[in-house]
Asker: 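Structure incoming, see below.
Just so you know, these numbers come straight off a predicted model, no measurement behind them. To find a chain, count down the sequence lines: A is the first, B the second, and so on, and within it residues start at 1.
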Protein chains: 2
Amino acid sequence: MRQGCFNAPVQNSDAMALSAALLAAAGDLTQRIHEGVAARGFADLRPAHGFAFARLAPGGASVTELAAHLGVTKQAASQLVDEVVRKGYAERRPHPGDARARLVVLTERGRACTRAAEEVAAEVVGEWAELLGEQGLYVLRDALARIAPYGPVRPAW
Amino acid sequence: MRQGCFNAPVQNSDAMALSAALLAAAGDLTQRIHEGVAARGFADLRPAHGFAFARLAPGGASVTELAAHLGVTKQAASQLVDEVVRKGYAERRPHPGDARARLVVLTERGRACTRAAEEVAAEVVGEWAELLGEQGLYVLRDALARIAPYGPVRPAW
DNA sequence: ACCATATAGTCAAGCAGCTTGACTACGTTC
DNA sequence: GAACGTAGTCAAGCTGCTTGACTATATGGT
């Protein structure tokens, strides 16, 4: 239980197997959500848009906040906002209390897409529940919550 | 326990929280390995190279096999091989038994980089072990192994 | 009140990594 | 051995990102 244990209790190969499983699960989840959302009528979006929507959904965000969330430059975030605005998923509003900034908020279509993503995620997680059992799923959720960092979303590579 | 349960036992928001935690953990792991490998003297590589090395390490692979593993076209895989060959991490050899194909194998430098990645992964997983305990880590590994698919590696978005 | 500095956002140019299309060399099948 | 399939490369183009430069607004010290 001591910290900084130098005789690593984890073999390198074990660590790689665990890492590979985590990355495979994450990649598969992303792919499944992407496909499921596309199948529900939102085929003009990529996974990156979903991560943006996750930040925009609870009340909107500025371009700079979105850029920090996605881990890209604000120019890149601005281009992404241009795109989702053009496609009708979001709109730019004046920012209350800061005339420089603009608040990017989801439109009804953007919220519908977010709900679709939630449905697909629930579907996939439901499959996991069948594989792991309710308790196993709870344990997984708890473990991931402990090791998952806060901060910007990063690509799995 | 029955399959195809329509009254999903998992709330949408719960599924999104679990999904977000999984993707955050995967993104963080990728970032940590990338930084750790760079700090050990392999700063001219990106995460995608690591995924390629994982496929090349056990005996090499053809460009087409690598492309399937990475989920990209064989032209893209060929360009990636060009790059790691130019940087001294791999080399192209004649393929035994198929004169069309070429076997891409890691050089000693490539194997050293793979070992470095394993070390960093063990470091990160060691931190998880401190957060979860040995048993918690085992349960996580088991759960991920159950839900992780085989097949091509996919980007987390 | 004013000026210096910092921040929000955009415009423009360039680049890296991927795609599609076309092609050659070799293998496989009948 | 003729026809078709597969491995790999070359070439051109596109997309999403970067860096650099700029305007407009906000903030803080004097």
Side-chain angles (χ1 to χ4, degrees), chain A residues 27 30-31 34 38 43-53 55-56 59-87 89-105 152-157, chain B residues 27 30-31 34 38 43-53 55-56 59-87 89-105 152-157:
Chain A
T30 301
Q31 179 78 4
H34 180 224
D44 57 349
L45 294 176
R46 285 168 298 104
H49 297 124
F51 289 93
F53 288 7
R55 181 66 183 81
L56 297 179
S62 68
V63 164
T64 298
E65 288 166 343
L66 188 59
H69 176 72
L70 297 175
V72 298
T73 61
K74 55 185 182 176
Q75 292 93 325
S78 187
Q79 287 181 4
L80 192 143
V81 170
D82 284 342
E83 185 183 352
V84 294
V85 166
R86 179 165 34 84
K87 292 178 177 171
Y89 292 98
E91 57 187 14
R92 294 183 215 249
R93 293 185 183 168
H95 197 292
D98 190 340
R100 296 170 304 175
R102 314 179 70 174
L103 193 64
V104 181
V105 296
V153 180
R154 295 199 194 89
W157 62 84
Chain B
T30 301
Q31 179 79 3
H34 180 224
D44 57 350
L45 295 177
R46 285 167 298 106
H49 298 122
F51 290 93
F53 288 7
R55 181 66 183 81
L56 298 179
S62 68
V63 165
T64 299
E65 289 166 342
L66 188 58
H69 176 72
L70 297 175
V72 297
T73 61
K74 55 185 181 176
Q75 292 92 325
S78 187
Q79 288 180 3
L80 192 143
V81 170
D82 284 343
E83 185 184 352
V84 294
V85 166
R86 180 165 34 82
K87 290 177 177 172
Y89 292 98
E91 58 186 13
R92 294 184 215 249
R93 294 187 184 166
H95 196 292
D98 191 341
R100 295 171 302 176
R102 313 179 69 174
L103 192 64
V104 182
V105 296
V153 180
R154 295 200 194 86
W157 63 85

Asker: If you pin A:Asp98 and A:Glu83 to their nearest nucleotides in DNA chain D, which one's is more 5'?
Answerer: A:Glu83
Asker: Work out which heavy atom in A:Pro47 is nearest to a heavy atom in A:His34; give both atom names and the distance.
Answerer: CD-CD2, 3.7 Å
Asker: Quick one: does B:Leu56's side chain get under 4.5 Å of B:Tyr89's, heavy atoms only?
Answerer: no
Asker: Does B:Asp44 reach the side chain of B:His49, with side-chain heavy atoms less than 4.5 Å apart?
Answerer: no
Asker: Expressed in angstrom and rounded to an integer, what is the separation of A:Leu66 atom CG from C:dA8 atom C1'?
Answerer: 13 Å
Asker: A:His95 side chain to A:Val104 main-chain N or O, any donor-acceptor pair under 3.5 Å?
Answerer: no
Asker: Send over the distance from B:His49 NE2 to C:dA16 C1', rounded to a whole Å.
Answerer: 11 Å
Asker: What closest approach, in Å, do B:Leu103 and B:Pro96 show between heavy atoms, and which atom pair accounts for it?
Answerer: CD2-CD, 4.4 Å
Asker: Categorize B:Ala76 for me: base, sugar-phosphate, or nothing, with a 4.0 angstrom heavy-atom threshold over every strand shown.
Answerer: base
Asker: Does D:dC17 have OP1 or OP2 sitting under 4.0 Å from an N or O in the side chain of A:Thr73?
Answerer: no
Asker: May I have the list of side-chain donor-acceptor pairs in residues 70-80 of chain B shorter than 3.5 Å, sequence neighbours left out?
Answerer:
residue, atom, partner, partner atom, Å
B:Thr73, OG1, B:Ala76, N, 3.2

Asker: State, to the nearest 10°, the angle formed by the axis through the first five base pairs of the helix from C:dA1-D:dT30 to C:dC30-D:dG1 and the axis through its last five.
Answerer: 30°
Asker: Distance check, rounded to the nearest 0.5 Å: B:Leu66 atom CG versus B:Phe53 atom CZ?
Answerer: 10.0 Å
Asker: Between B:Arg46 and C:dA16, is there a contact of a side-chain N or O with OP1 or OP2 at under 4.0 Å?
Answerer: no
Asker: With 3.5 Å as the limit, what N/O pairs link the protein to nucleotides 9-12 of chain C?
Answerer:
residue, atom, partner, partner atom, Å
C:dG9, OP1, A:Arg102, N, 2.9
C:dG9, OP1, A:Arg102, O, 3.1
C:dG9, OP2, A:Val63, N, 3.3
C:dG9, OP2, A:Thr64, N, 2.8
C:dG9, OP2, A:Thr64, OG1, 2.7
C:dG9, N7, A:Lys74, NZ, 2.6
C:dT10, OP1, A:Arg92, NH1, 2.9
C:dT10, OP2, A:Ser78, OG, 2.5
C:dT10, OP2, A:Arg92, NH1, 3.2

